[in-house]
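What follows is one structure encoded as structure tokens, with my remarks underneath.
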Amino acid sequence: MNPSIHLSLTTRLLHWSVALLMIGLTLVGYLMVKFEIWDLYALHKSLGVIALILILPRAILRLVKGWPEPMRQYPVYEALAARVIHWGLLMSTLLIPVSGLCYSAAAGRGVAIFGWSIIPMNPDIHDPANVIPLSESVRDIAHTIHIYLPYVMLAFLLVHIVGALKHHLLDKDNTLLRMVGRK
């Protein structure tokens, strides 16, 4: 294992932008639902689409290039835990916005990015103030995934942060430093 492994600027930017967007989206979604601040709905959807646009190349990069090489040889249980956490984060960050898009589209509400419609609404022609779901079963499944998967993602994230701090403070390796672009 090479301790001077460098991560590209693209890798680091995708990592941090996805991380910050997903944390922010989770917070906005929670506040929106908890306090019924429905004015945040359009912002939540717009940022969710932007997050997905960033997550897709990140996921493709991981599938094509694999994960960055570890800084050193770790015990089998640590390497396995890291693999599970990284895959869990990648899959949850991918499935949360996909389920949100599916939920909104199947509910007939459509999807827009800052007012620009990418999936049109399905208004009720007899009552234009209401929408007609395209698929109630897809809507319900996607909604359930979209509501509960962020909690799983946050659990993975907490373990990921603890692991990064362990590398930095206890192992004294450069895992965390290389993620911020330092040697």
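- Contact check on Arg178 versus Glu69 returns no salt bridge, with no Lys/Arg side-chain nitrogen under 4.0 Å from an Asp/Glu carboxylate oxygen.
- Listed for the Asn122 side chain is a donor-acceptor partner under 3.5 Å among the backbone atoms of Ile132.
- Note on ring orientation: taking the six-membered ring where Trp is involved, the planes of Tyr41 and Trp38 are perpendicular (angle over 60°, cut-offs 30° and 60°).
- By the side-chain hydrogen bond (donor to acceptor under 3.5 Å, both in side chains) test, Thr93 pairs with no residue at all, sequence neighbours left out.
- A donor-acceptor pair under 3.5 Å is absent between the side-chain atoms of Ser104 and the main chain of Leu101, judged by distance alone.
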Please list, one pair per line, the donor and acceptor atoms closer than 3.5 Å that link side chains of residues 105-119 to other protein atoms, with sequence neighbours excluded.
| residue | atom | partner | partner atom | Å |
| --- | --- | --- | --- | --- |
| Arg109 | NH1 | Tyr103 | OH | 3.1 |

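- Distance alone, capped at 3.5 Å, is enough to place a donor-acceptor pair between the Ser99 side chain and the Leu95 backbone.
- Every pair passing ring pair (Phe, Tyr, Trp, His ring centres under 6.0 Å) that includes a residue from residues 62-99 is listed here, sequence neighbours excluded: Trp67-His86, Trp67-Trp87, Tyr74-His167, His86-His160.
- The side chain to side chain contact (heavy atoms under 4.5 Å, CB included) test with Phe156 singles out one residue from Val152, Val159, Leu154, and that residue is Val152.
- Between the side chain of Arg12 and the backbone N or O of Leu7, at least one donor-acceptor pair lies under 3.5 Å.
- Contact of the Arg62 side chain with the Pro68 side chain is registered, since non-hydrogen atoms from C-beta on lie closer than 4.5 Å.
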Check the pair Arg58, His15 against side-chain contact (heavy atoms from CB on, under 4.5 Å), reporting the backbone distance first and the verdict last.
CA-CA 8 Å; Arg58 180 166 160 63; His15 176 272; 3.6 Å; yes
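- The shortest side-chain heavy-atom distance between His143 and Asp140 does not fall under the 4.5 Å cut-off.
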